[in-house]
2 protein chains.
Amino acid sequence: MAADRLGAQRRRRPTRAGTVLSHELIVATAIRLVDLHGSDGLSVRRLGAALGADPSAIYRYFTGTDDLVRAVADSLIGRALDGFVPGPSWRAALAEMGERIYAGCLARPRAAVLTAARVTGRVHEIQAVEVGLGILRGAGFGVAAASRSYHAFIDLTLGYAMLDAAALALSGAGDVAAWGDVYAGLPSGSHPNIAACAGSLEQAMSGSAYASALGFFLDGLTLELERGEKVGGRFGGPENRL
Amino acid sequence: MAADRLGAQRRRRPTRAGTVLSHELIVATAIRLVDLHGSDGLSVRRLGAALGADPSAIYRYFTGTDDLVRAVADSLIGRALDGFVPGPSWRAALAEMGERIYAGCLARPRAAVLTAARVTGRVHEIQAVEVGLGILRGAGFGVAAASRSYHAFIDLTLGYAMLDAAALALSGAGDVAAWGDVYAGLPSGSHPNIAACAGSLEQAMSGSAYASALGFFLDGLTLELERGEKVGGRFGGPENRL
DNA sequence: ACCTGAACACCGTTCAAGT
DNA sequence: ACCTGAACACCGTTCAAGT
């Protein structure tokens with residue numbers, strides 16, 4: 001489309017296969033590869049083949065695998081938060097932001113496992129931090145409290161997302177079968193609690209605990225905010241003084 | 001020691017270098033490799049070299065890399081909870097269990113990144129689940145609620161552990177420098193919240209949010225328990241009826 | 001200016017052969 | 001019974017050479 005012509009600032013020579021490379025195309029192809037074959041399925045050589053280019057051409061766009069993975073991570077953040085506009089309620093806004101990121105990770109579990117622990121330092125992540133801090137400061141947190149709370153919030157979200165994504169990505173392949181296989185068969189003599197919980201354990205482990213954990217977390221923040229308002233006025237706790 | 005002779009049931013032929021292989025020795029050597037060279041530094045070939053054995057000898061003990069990594073994960077769980085005996089307070093017991101696992105991961109961040117998302121299905125993990133469920137059931141949760149809560153608890157702990165371990169493992173190498181580099185330099189025109197929080201953001205991101213998140217979580221569980229006691233007597237909520 | 005292709009130094013895993 | 005060694009099919013990354 002027209003966007004392609006505008007997006008590609010410099011004119012690229014087409015590859016042998018005729019495709020014109022770009023950061024965006026390489027990232028999109030990488031995501032497709034990971035979705036299809038898992039994170040082990042992403043290699044510079046396969047990526048080259050999928051793009052119809054020599055593998056070494058990728059090093060014109062990214063300094064290496066690490067740089068590429070960070071770009072993938074940032075692209076996924078961008079997709080998850082695309083069109084997100086925080087509403088007036090800070091609690092609802094934070095909840096929506098968390099659920100969008102969580103859902104984005106679970107939608108592409110294999111990519112999430114690869115990227116969820118990375119700090120990208122790129123546009124979409126920066127935008128997310130800006131918006132997240134804005135929500136918290138708007139709620140009444142001072143800069144130190146907002147920074148701390150954002151950190152706790154995003155780690156909570158990415159932590160659950162990564163673990164649940166890992167469980168999903170590996171299901172069938174081995175790991176998660178354990179909950180149905182080894183845990184279901186343990187004798188009540190040696191493992192009374194596991195035996196008692198056998199049925200519900202498997203169910204609990206396959207579901208997600210994020211929603212309830214987020215609820216607890218937001219309750220905690222609300223409480224902190226109320227205490228802060230009593231002590232230090234609308235803009236919060238003592239850290240605001242520093 | 002004597003334990004070695006007892007532990008090694010079958011007699012092993014020593015390798016060319018004279019070492020006698022065992023599951024334990026291979027796992028311990030793998031952990032040492034990861035500590036030293038990061039998770040990329042763990043390879044069957046390097047492991048063979050470190051053990052003084054042909055790489056292919058490892059396949060006599062583990063079905064493949066995956067199996068080995070799960071064994072490493074389980075060994076780390078065992079070390080983290082070694083000697084752990086839950087006290088009478090379920091809240092304190094759960095808190096100690098979480099902090100031990102979290103601390104264990106942060107003590108070996110490179111290994112934690114490799115293993116924290118894995119379900120091992122092995123002795124030490126099973127023991128941890130048994131103890132964790134015991135704490136929650138002892139607190140008064142029914143089997144379904146205990147299963148759900150254990151899941152939420154362990155994912156909270158491992159999620160924060162993995163993210164903080166990843167930050168630690170990569171610090172200097174790139175990722176985390178971003179908080180000091182790119183985020184500190186953003187103009188207040190385009191990113192007012194980040195600019196306002198610049199100083200405290202870097203500090204917040206390098207610290208851990210686990211302790212406070214765990215506090216929120218335990219508060220939530222306490223509340224749930226109190227509600228359950230009102231509704232369903234000592235052994236908890238409606239799920240107990242099923 | 002950008003892509004290619006050969007080269008280097010690695011991987012995991014299998015299986016017949018040794019002891 | 002257990003370890004070895006060659007073999008197979010892969011890796012990431014670099015750099016001179018092509019167009």
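Just so it is clear: chains get the letters A, B, ... in the order the sequence lines come, proteins before strands, and each one is counted from 1.
Listed by first and then second residue, the salt bridge (Lys or Arg N to Asp or Glu O under 4.0 Å) pairs involving residues 28-37 of chain B are B:Asp35-B:Arg108 (not counting sequence neighbours).
Here the side chains of A:Leu201 and A:Met205 are in contact, with some heavy-atom distance below 4.5 Å.
Listed candidates were C:dT4, C:dA1, C:dT19. Nearest to the side chain of A:Arg13 is C:dA1. You'll find that the side chain of A:Thr65 is closest to D:dG12, out of D:dT4, C:dC3, D:dG12.
One interatomic measurement links the two molecules: CZ of B:Arg60 to C1' of C:dA17, which rounds to 12 Å at whole-angstrom precision. In this structure, B:Leu47 places its CG atom 15 Å from C1' of D:dC3, rounding to the nearest Å. Remark: P of D:dG12 and CD1 of A:Ile58 are 9 Å apart, rounded to the nearest angstrom. The interatomic distance linking B:Asp67 (CG) with C:dG12 (P) rounds to 15 Å, in whole Å. Per the geometry, CG belonging to A:Leu51 stands 10 Å off P belonging to C:dT4, to the nearest Å. B:Leu21 places its CG atom 12 Å from the C1' atom of D:dT4, with the value rounded to the nearest Å. At whole-Å resolution of the value, OH in A:Tyr59 and P in D:dG12 are 6 Å apart. With rounding to whole Å, B:His23 atom NE2 is found 13 Å from D:dC2 atom C1'.
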Can you list, pair by pair, the side-chain donor-acceptor contacts under 3.5 Å of residues 184-199 of chain A, counting residues two or more places apart and other chains?
| unit_1 | atom_1 | unit_2 | atom_2 | d |
| --- | --- | --- | --- | --- |
| A:Asn193 | OD1 | B:Arg137 | NH1 | 2.9 |
| A:Asn193 | ND2 | B:Glu130 | O | 3.4 |
| A:Asn193 | ND2 | B:Glu130 | OE2 | 3.1 |

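Donor-acceptor pairing under 3.5 Å is recorded for the side chains of A:Tyr183 and B:Glu125. Between the side chains of B:Tyr102 and B:Asp164, at least one donor N or O lies within less than 3.5 Å of an accepting N or O. In this model, no donor atom of one side chain and acceptor atom of the other lie less than 3.5 Å apart for A:Ser208 and A:Tyr160.
Of all heavy-atom pairs spanning A:Val27 and A:Val72, the tightest one is CG1-CA, 4.0 Å. When all heavy atoms of A:Thr120 and A:Ala73 are compared, the closest pair comes out as CG2-CB, 3.5 Å.
Taking atom C1' in both D:dC10 and C:dA9, one finds a spacing of 13 Å when rounded to whole Å.
Of the residues in residues 26-37 of chain B, none lies under 4.0 Å from DNA chain C by heavy-atom distance.
For DNA chain C, the stems formed by at least three consecutive Watson-Crick or G-U pairs, with both atom-pair distances below 3.5 Å, span C:4-8 with D:12-16, C:12-16 with D:4-8.
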Please list, pair by pair, any protein nitrogen or oxygen found under 3.5 Å from a nitrogen or oxygen in nucleotides 6-11 of chain D.
| unit_1 | atom_1 | unit_2 | atom_2 | d |
| --- | --- | --- | --- | --- |
| D:dC11 | OP1 | A:Ser43 | OG | 3.4 |

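Contact between the side-chain N/O atoms of B:Tyr61 and the OP1/OP2 oxygens of D:dC2 is not found at any separation under 4.0 Å.
Residues forming a ring pair (Phe, Tyr, Trp, His ring centres under 6.0 Å) with A:Phe153 (at least two apart in sequence, or on another chain): none.
Shown here is A:Arg79, whose CZ atom has more than 12 heavy atoms of other residues, nucleotides or ligands within 6.0 Å.
A salt bridge is defined here as a Lys NZ or Arg NE, NH1 or NH2 lying under 4.0 Å from an Asp or Glu carboxylate O, and A:Arg100 with A:Asp82 fails to meet this definition. Of the charged side-chain nitrogens involved, at least one lies within less than 4.0 Å of a carboxylate oxygen, so that A:Arg122 and A:Asp67 count as a salt-bridged pair.
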